[in-house]
Amino acid sequence: MSHRQGILEALDEAGTAVSGQALASRFGISRAAVWKHIEALEAAGYEIERARSKGYRLVSSPDRLSAEALSGLLAGRRLGSNVVVLDVTRSTNSDALALGREGAPEGSVVLAEAQTGGRGRLGRQWESARGVNLYLSLLLRPPIVPAAAPQLSLVAGVAVAETLAAEGIACRIKWPNDVVLGGEDDASGTGSVPLRKIAGILTEIEAEADRVSFVVVGIGVNVNSTGEHFSAALAGRATSFLLETGRRLDRTALAARLLSRMEGAYEAFLTQGFGALASRWRALSVLEGRTVEVGGVGGQGQDVSRGTCIGIDSDGALLLEIAPGRVRRVLAGDVTVQGGYD
Ligand code: BT5
């Protein structure tokens, strides 16, 4: 941890003023050096009160992503070994793919305050308002075959949904990669509450013949965005932690909690396969028991499967009962729920 990060944490832990001398001796630096770090922290948006006789007191932290703070929170972890925070970028997934090609280590993470070309699957757009949400891409180098890579979206879905649930909202997963709220039966009992999407995951890979070179797991979470941050097209279909709870979250701390949880899930995936996470995934699935339609993706064209969702296979395929006793495995696609939400 850098001295600057150490000073910040010391002020944060103390909660009251800490003298320049105390900080200087704790970090083995001069009082002038402490003062320089305080100035730099102020420039980074931290509000620090200077009481002549008492020292420095941290009044407030900026609502800004901090690579230093995130690295400090993730010290010693595999995911977060290398943190890059950008102000504006086209897509953190593109940046992480570039890092992958340059040979960056597994666990490298790219975050941005804003994206100008945030993307979803199949060329769709991910709205990426500035300074309020998480746009995070994680570089992984798992020893898996390319066909298994989509399972990492599911692993990330579990990590995202559980992280948000731990913050107090009951979100669930819509296969394969949406984290949503809603979907419960509505008061009249004739339909269900429309789904509101709070997070999405985009996994992209670079592979040689039958081996993955690296995988980038891109995660977008709507944290502190309000209605004005979404386009009219998303009105009623997108939501955020703030919109659901009325509370703001510190995005850096949330990113750290998400990456820690992802690390545990990823390790379970590496050692035992997706099957190890399947029951956690199922417990979060919003589709169980629903009648759904799954449209084919890309080259698979017009293929549409209809049936009742009865779960997920140990490799992450969606299981649809298409006729009594006949189950079809669906590997990819977009799900529409009949007579309910989309
Ligand atoms: C996804 O795609 O849900 C994957 C989103 C991944 C975004 C992250 S952000 C960090 C990293 N860098 C990137 O460039 N991407 C990743 P998909 O299932 O295709 O859903 C896209 C659809 O979600 C859009 O067509 C909209 O309907 C909706 N949508 C777009 N922006 C949204 C937002 N901010 N919140 C909720 N829904 C949104």
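Just so you know, ligand 1 is whichever comes first in the structure, and atom 1 is the first atom listed for that ligand.
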Could you tell me the separation between the CG atom of Leu23 and the CZ atom of Arg31, rounded to the nearest 0.5 Å?
11.0 Å
Out of Ser91, Ser94, Gly120, whose heavy atom is nearest to atom 14 (O) of ligand 1?
Ser91
Relative to ligand 1, is Ile198 under 4.0 angstrom through side chain, backbone, both or neither, heavy atoms considered?
neither
Salt-bridge criterion met for Glu288 and Arg172 (N-O under 4.0 Å):
no
With a 3.5 Å distance limit and no angle check, can you tell me whether Asn93 reaches the backbone of Leu202 through a side-chain donor-acceptor pair?
yes
Selected option - heavy-atom contact closest to atom 20 (O) of ligand 1, from Lys197, Arg237, His229:
Lys197
CH2-NZ distance between Trp126 and Lys197, expressed to the nearest 0.5 angstrom:
4.5 Å
For Ile219, which part has a heavy atom under 4.0 Å from ligand 1: side chain, backbone, both, or neither?
backbone
Any chance you could measure Phe230, atom CZ, to Thr239, atom OG1, to the nearest 0.5 Å?
6.5 Å
Answer yes or no: does an N/O atom from Tyr135 fall short of 3.5 Å to an N/O atom of ligand 1?
no
Have Asn82 and Ser108 got a donor and an acceptor in their side chains that come within less than 3.5 Å?
yes
Heavy-atom proximity to atom 4 (C) of ligand 1, best of Thr92, Asn222, Val217, Ile201
Ile201
Only heavy atoms of Ala238, strictly under 4.0 Å: list the atoms of ligand 1 that pass.
35 (N), 36 (C)
Atom CD of Gln115 and atom CG of Leu86: how far apart are they, to the nearest 0.5 Å?
9.5 Å
Ranked by distance from atom 5 (C) of ligand 1, the top protein heavy atom is Trp126 CE3, 3.4 Å
Any atoms of ligand 1 less than 4.0 Å from a non-hydrogen atom of Arg119? List them with their elements.
5 (C), 6 (C), 7 (C), 13 (C), 14 (O), 15 (N), 16 (C)
Number the atoms of ligand 1 from 1 as they appear, then name those within less than 4.0 Å of a heavy atom of Gly118, with their elements.
14 (O)
Distance to 0.1 Å, residue and atom name: give those for the protein heavy atom nearest to atom 30 (C) of ligand 1.
Gln125 O, 3.2 Å
If you measure from each non-hydrogen atom of Arg124 to ligand 1, which part falls under 4.0 Å: side chain, backbone, both or neither?
side chain
Taking 4.0 angstrom as the limit and counting only heavy atoms of Leu136, give me the atoms of ligand 1 inside it, by number and element.
10 (C)
Using a strict cut-off of less than 4.0 Å between a Lys/Arg side-chain nitrogen and an Asp/Glu carboxylate oxygen, indicate whether Arg247 and Glu167 qualify as a salt bridge.
no
Output the distance between atom CG (Leu134) and atom CG (Leu65), rounded to the nearest 0.5 Å.
6.5 Å
